[in-house]
Amino acid sequence: MVKRIAASGCWLIAALLFAPAAAQVFYKSTMPDGRVVYGDKPADGAAKVEETRPDIKKGGIGGTTQREKDALDELERARLKREGGGELVRSAEQALKNAEAARAAGKEPLPGERIGTAGGASRLSESYFDRQRKLDEAVEGARRELEKARSGR
């Protein structure tokens, strides 16, 4: 019985190994109104159907042509130029992190930012809220600068 299980396991492994070698067929169906539909079976009512099997002999499905590589390189050069080589974006990201850290560290009231009440307790003073507003404005300003750096403006 163990041999039978082992033999069936070998068949399963062999089937799984060789399954990718058989390229799947896909269809390009052109509809009467000119729309193009891609799928694993022809579309119903198609005016024209083209059957295609991807060539997977060289590096699997896909790959890039020289034209695609050139286009990607050009896009990358434009992005780097727009972002100033990335330095401007990195410095803006660091400024945002610093502003957020300062805001988080500034949540606790500083000495002199509490006022005593008639009941013997205390409340936060206007200076505390002014400082919090300034910290929030610094974070928002850093966010705007980061967006500006990312967009290349």
Side-chain angles (χ1 to χ4, degrees), residues 9-31 33-44 46 50-153:
C10 288
W11 282 107
L12 177 64
I13 291 171
L16 291 174
L17 287 175
F18 292 113
Q24 182 175 349
V25 177
F26 66 94
Y27 297 90
K28 176 183 176 184
S29 304
T30 306
M31 304 308 284
D33 62 354
R35 285 184 306 127
V36 177
V37 178
Y38 294 94
D40 58 351
K41 55 188 169 207
D44 294 333
E50 296 175 38
E51 181 180 311
T52 306
R53 290 182 186 270
D55 181 17
I56 59 171
K57 293 176 188 155
K58 298 178 184 174
I61 297 174
T64 55
T65 64
Q66 188 59 42
R67 182 176 173 193
E68 292 170 328
K69 288 178 186 175
D70 293 342
L72 289 173
D73 289 343
E74 180 60 34
L75 288 170
E76 180 67 12
R77 280 193 296 276
R79 184 187 66 80
L80 288 174
K81 181 179 177 186
R82 185 176 63 242
E83 294 179 358
E87 268 318 298
L88 188 60
V89 172
R90 280 192 285 282
S91 65
E93 286 172 344
Q94 187 60 47
L96 177 59
K97 284 181 187 176
N98 293 344
E100 288 173 339
R103 181 173 63 180
K107 289 292 181 191
E108 288 297 315
L110 297 175
E113 289 184 336
R114 287 197 169 273
I115 299 174
T117 62
S122 67
R123 65 176 179 87
L124 296 171
S125 68
E126 280 300 313
S127 62
Y128 171 81
F129 293 108
D130 288 340
R131 188 170 58 86
Q132 292 303 310
R133 267 192 295 278
K134 288 177 185 174
L135 290 170
D136 288 339
E137 287 170 1
V139 169
E140 287 307 311
R143 280 195 181 120
R144 282 192 299 274
E145 288 299 316
L146 177 58
E147 287 304 312
K148 187 176 171 183
R150 285 182 176 161
S151 69
R153 287 184 265 146

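Residues: numbered from 1 along the sequence shown. In this text, all values refer to a predicted model and were calculated from it rather than measured experimentally.
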Side chain of Gln132, backbone of Gly106: donor and acceptor closer than 3.5 Å?
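Yes, Gln132 side chain to Gly106 backbone: donor-acceptor pair under 3.5 Å.
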Distance check, rounded to the nearest 0.5 Å: [X] atom [atom1] versus [Y] atom [atom2]?
| X | Y | atom1 | atom2 | result |
| --- | --- | --- | --- | --- |
| Arg144 | Lys148 | CZ | NZ | 10.5 Å |
| Glu140 | Leu96 | CD | CG | 9.0 Å |
| Lys107 | Arg131 | NZ | CZ | 9.5 Å |
| Ser91 | Leu146 | OG | CG | 9.0 Å |
| Ile115 | Ser127 | CD1 | OG | 7.0 Å |
| Glu51 | Phe26 | CD | CZ | 10.0 Å |

Quick check: closest heavy atoms across [X] and [Y], and the distance to 0.1 Å?
| X | Y | value |
| --- | --- | --- |
| Glu113 | Tyr128 | OE1-CD1, 3.2 Å |
| Pro42 | Ser29 | CA-OG, 3.7 Å |
| Phe129 | Leu124 | CE1-CB, 3.8 Å |
| Ala99 | Val139 | O-CG2, 3.4 Å |

Is Arg67 paired with Asp70 through a side-chain N to carboxylate O contact shorter than 4.0 Å?
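No, no charged N to carboxylate O under 4.0 Å.
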Check: [Y] and [X] side chains under 4.5 Å, non-hydrogen atoms:
| X | Y | value |
| --- | --- | --- |
| Val36 | Met31 | no |
| Val25 | Thr52 | no |
| Thr65 | Glu68 | yes |
| Glu100 | Arg143 | yes |

Counting only heavy atoms not in Asp73, do more than 12 sit closer than 6.0 Å to its CG atom?
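More than 12 within 6.0 Å, yes.
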Just wondering, more than 12 heavy atoms not from Glu108 lying within 6.0 Å of its CD?
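Counting neighbours around CD of Glu108, 12 or fewer heavy atoms of other residues, nucleotides or ligands fall under 6.0 Å, so no.
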